[in-house]
Undergrad: 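What follows is a single structure, and I will ask about it in a moment.
What's counted below: heavy atoms across the whole structure, side chains too, no hydrogens, waters or symmetry copies.
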Amino acid sequence: YAQKFNAIGVSMGMSHQHADPYLRNNDYNSFHFYPKFYIDLPWRAKLDVGYNYSETERGLIRSNRADGAPASDSNPSLPGYGKAIDSNNPVASGESFAGGSPAPSMSVIGDGAHWTKYRNLLDITYHQDFLETGYFELMGFKNYETRREKNYADVASRMMLDSGMPANSPRRFNPNLTRNGDLVLERNIVVDTSYGFKFKTGITAAGHKLMAGLDYKLLQSGDITVNYVDPNYNKAGANNFTGAMSSQSGNSPAKVFGAFLADKFNLGDKLTIDMGLRFDSFTYSPKNIDSTYSGWAISPKIMLTYAFTDNQSASLAV
């Protein structure tokens, strides 16, 4: 839906997607809502404000190999490696809930295990015309994205991890303490809290359409909060699991800077040349590590467009 009310315009969209599980337990649902407002300001200026909200739920892929190794599925020589546990789904290896160092991952996925991701993205653009053909724009965005993860017990699969372990080992899973379908993991991960700004300006003069700009982004994740973990389900196994899965604070941000120049002009009536140059750099200092990673790159571009007629053209870009 889109409509203009004098100096204020609005557009709004909504969507929903659903997919049944092709791989075992891997169903998918997504809802997306995106309103945007356009405001005409005095002195040939405009302000656009947009918001993007999405909520996506995806089931984690369960191992569907009858090889007795639900945590790895990495040995094709095992009997049952190519045989499906659930004949309704293709043979495939499973996923795991990754842990945070030094805590382990949770590798035995149960029915209903899933993550739900919530995304909130705000963007604002201020556009100002000047002279006859000039303009500049100021843009900013802020993203906040979280993922809530849940796993449920599959007792029979979990017991396979303890094959060959002494019966009295304290690292052995106790099926009397955890039942099928019990919640064994719930945690919240702040995936992204990035923000950024861009300045862009352009003018058309003497047949040249010139543009230049700068942009800056701070890319960062947030905290990982473990609300619940079953220490009985999440221990022992091949990696001598401790039973823990620790909360963590967010890491250090990466800083990304860019600058760009562009020119577009005609050579005769048929040929248009579009050329540009972009510079990018980044700096990242991981938390608790005495080291900094940085780099930069220069990226040139040229595009030639030939117009055969008013409605037909061909382009070549490098």
Side-chain angles (χ1 to χ4, degrees), residues 1-18 28-58 114-130 134-150 187-202 211-225 227 247-260 262 278-287:
Y1 166 78
Q3 192 166 346
K4 191 78 180 289
F5 303 93
N6 297 320
I8 298 177
V10 61
S11 67
M12 195 172 300
M14 191 180 301
S15 67
H16 177 259
Q17 290 178 292
H18 168 78
Y28 178 89
N29 282 286
S30 182
F31 170 75
H32 191 192
F33 175 61
Y34 38 101
K36 193 164 188 177
F37 298 92
Y38 311 85
I39 305 169
D40 293 336
L41 300 174
W43 305 298
R44 299 165 61 201
K46 294 186 292 183
L47 183 68
D48 299 346
V49 181
Y51 173 67
N52 245 301
Y53 173 79
S54 64
E55 181 178 326
T56 303
E57 182 175 302
R58 183 174 80 81
H114 67 277
W115 56 248
T116 307
K117 185 170 67 175
Y118 305 90
R119 185 184 190 211
N120 296 271
L121 174 63
L122 177 69
D123 64 88
I124 300 176
T125 301
Y126 175 81
H127 179 99
Q128 176 69 64
D129 292 326
F130 65 88
Y135 72 92
F136 72 82
E137 289 182 345
L138 294 171
M139 290 164 272
F141 79 89
K142 170 64 179 174
N143 191 46
Y144 186 77
E145 194 169 324
T146 63
R147 186 174 72 241
R148 177 155 292 178
E149 300 179 337
K150 291 187 177 182
R187 67 178 174 180
N188 193 61
I189 299 174
V190 180
V191 179
D192 186 58
T193 60
S194 300
Y195 61 86
F197 307 96
K198 180 189 285 186
F199 171 78
K200 183 170 74 173
T201 186
M211 183 182 68
L214 303 169
D215 59 44
Y216 171 82
K217 293 189 284 287
L218 195 91
L219 308 179
Q220 58 186 351
S221 58
D223 296 345
I224 298 175
T225 304
N227 299 319
S247 297
Q248 301 174 64
S249 58
N251 214 324
S252 305
K255 299 175 183 178
V256 182
F257 172 78
F260 53 91
R278 182 176 176 93
F279 169 82
D280 288 287
S281 69
F282 74 90
T283 305
Y284 175 56
S285 299
K287 196 164 122 183

Undergrad: Looking at side-chain heavy atoms only, is the closest gap between Glu145 and Val190 below 4.5 Å?
TA: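 No, their side chains stay 4.5 Å or more apart.
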Undergrad: Do the side chains of Lys150 and His114 get nearer than 4.5 Å, heavy atoms only?
TA: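 Yes; the side chains approach each other to less than 4.5 Å.
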Undergrad: With a 3.5 Å distance limit and no angle check, can you tell me whether Gln128 reaches the backbone of Trp43 through a side-chain donor-acceptor pair?
TA: yes
Undergrad: Apply side-chain contact (heavy atoms from CB on, under 4.5 Å) to Phe279 and list each qualifying residue two or more places apart in sequence or on a separate chain.
TA: Phe257, Ser281, Trp296, Ile298
Undergrad: To the nearest 0.5 angstrom, please state how far the OG atom of Ser15 sits from the CZ atom of Phe33.
TA: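 One finds 11.0 Å between OG of Ser15 and CZ of Phe33.
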Undergrad: Identify the heavy atoms of Arg278 and Gly258 that sit nearest to each other, and give their distance.
TA: NH2-CA, 4.1 Å
Undergrad: In a check of side-chain contact (heavy atoms from CB on, under 4.5 Å) between Asn143 and each of Leu122, Asp123, Asn52, Asp192, which one passes?
TA: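 The side-chain contact (heavy atoms from CB on, under 4.5 Å) with Asn143 is passed solely by Asp192 among Leu122, Asp123, Asn52, Asp192.
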Undergrad: Looking only at heavy atoms, which two atoms of Ser252 and Pro286 are closest? And how far apart?
TA: OG-C, 3.9 Å
Undergrad: Search all heavy atoms of His32 against all heavy atoms of Ser54 and return the closest pair with its distance.
TA: CD2-CB, 4.0 Å
Undergrad: How long is the span from the CG atom in Leu47 to the CZ atom in Phe37, to the nearest 0.5 Å?
TA: 11.5 Å
Undergrad: Mind checking the OH-CG spacing from Tyr118 to Asn188? Nearest 0.5 Å is all I need.
TA: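 Rounded to the nearest 0.5 Å, the OH-CG separation comes out at 8.5 Å.
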Undergrad: With no hydrogens and no angle check, is any side-chain donor or acceptor of Asp223 less than 3.5 Å from a backbone partner on Gly250?
TA: yes
Undergrad: Listed by chain and number, what are the salt bridge (Lys or Arg N to Asp or Glu O under 4.0 Å) partners of Glu55, not counting sequence neighbours?
TA: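 Here no residue qualifies.
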Undergrad: Going through the distances and angles, do Val49 and Tyr38 end up as a side chain to side chain contact (heavy atoms under 4.5 Å, CB included)?
TA: CA-CA 7 Å; Val49 181; Tyr38 311 85; over 6 Å; no
Undergrad: Side chains of Phe260 and Asp280: closer than 4.5 Å at any heavy-atom pair?
TA: no
Undergrad: Only counting residues at least two apart or in another chain, list the ones meeting salt bridge (Lys or Arg N to Asp or Glu O under 4.0 Å) with Arg44.
TA: none
Undergrad: Measure across Tyr284 and Pro253 and return the closest heavy-atom pair with its distance rounded to 0.1 Å.
TA: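 For Tyr284 and Pro253, the tightest heavy-atom pair comes out as CD1-O, 3.6 Å.
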Undergrad: So, taking the atom named OG in Ser30 and the one named NE2 in His18, what distance separates them when rounded to the nearest 0.5 Å?
TA: 12.0 Å
Undergrad: Has the side chain of Thr283 got a donor or acceptor atom that lies under 3.5 Å from a matching backbone atom of Lys255?
TA: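 Not confirmed, Thr283 side chain does not pair with Lys255 backbone.
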Undergrad: Quick one, Phe197 with Lys217, criterion side chain to side chain contact (heavy atoms under 4.5 Å, CB included). Give me CA distance, side-chain angles, the key distance, then yes/no.
TA: CA-CA 7 Å; Phe197 307 96; Lys217 293 189 284 287; over 6 Å; no
Undergrad: Do Tyr28 and Thr56 have side-chain heavy atoms sitting under 4.5 Å apart?
TA: yes
Undergrad: Can you find a pair of side-chain heavy atoms, one from His127 and one from Phe136, that are under 4.5 Å apart?
TA: no
Undergrad: Pair Met139, Thr125 - check side chain to side chain contact (heavy atoms under 4.5 Å, CB included), show working.
TA: CA-CA 4 Å; Met139 290 164 272; Thr125 301; 3.3 Å; yes
Undergrad: Using 0.5 Å steps for rounding, measure from the OG1 atom of Thr146 to the CD1 atom of Ile224.
TA: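 Thr146 atom OG1 to Ile224 atom CD1 measures 12.5 Å (nearest 0.5 Å).
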Undergrad: Would you check if Leu41 and Tyr126 make a side-chain contact, meaning some heavy-atom pair closer than 4.5 Å?
TA: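 The answer is yes; the side chains approach within 4.5 Å.
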Undergrad: Given side chains that start at C-beta, do those of Asn29 and His16 come closer than 4.5 Å, heavy atoms only?
TA: yes
Undergrad: Take the angle between the ring planes of Tyr53 and Tyr51 and call it parallel below 30°, perpendicular above 60°, tilted in between.
TA: parallel
Undergrad: Any chance you could measure Arg148, atom CZ, to Glu57, atom CD, to the nearest 0.5 Å?
TA: 12.0 Å
Undergrad: Please walk me through it: do Phe130 and Thr201 pass side chain to side chain contact (heavy atoms under 4.5 Å, CB included)?
TA: CA-CA 10 Å; Phe130 65 88; Thr201 186; 4.1 Å; yes
Undergrad: Using side-chain heavy atoms (C-beta onward) and a distance below 4.5 Å, is Arg147 in contact with Val191?
TA: yes
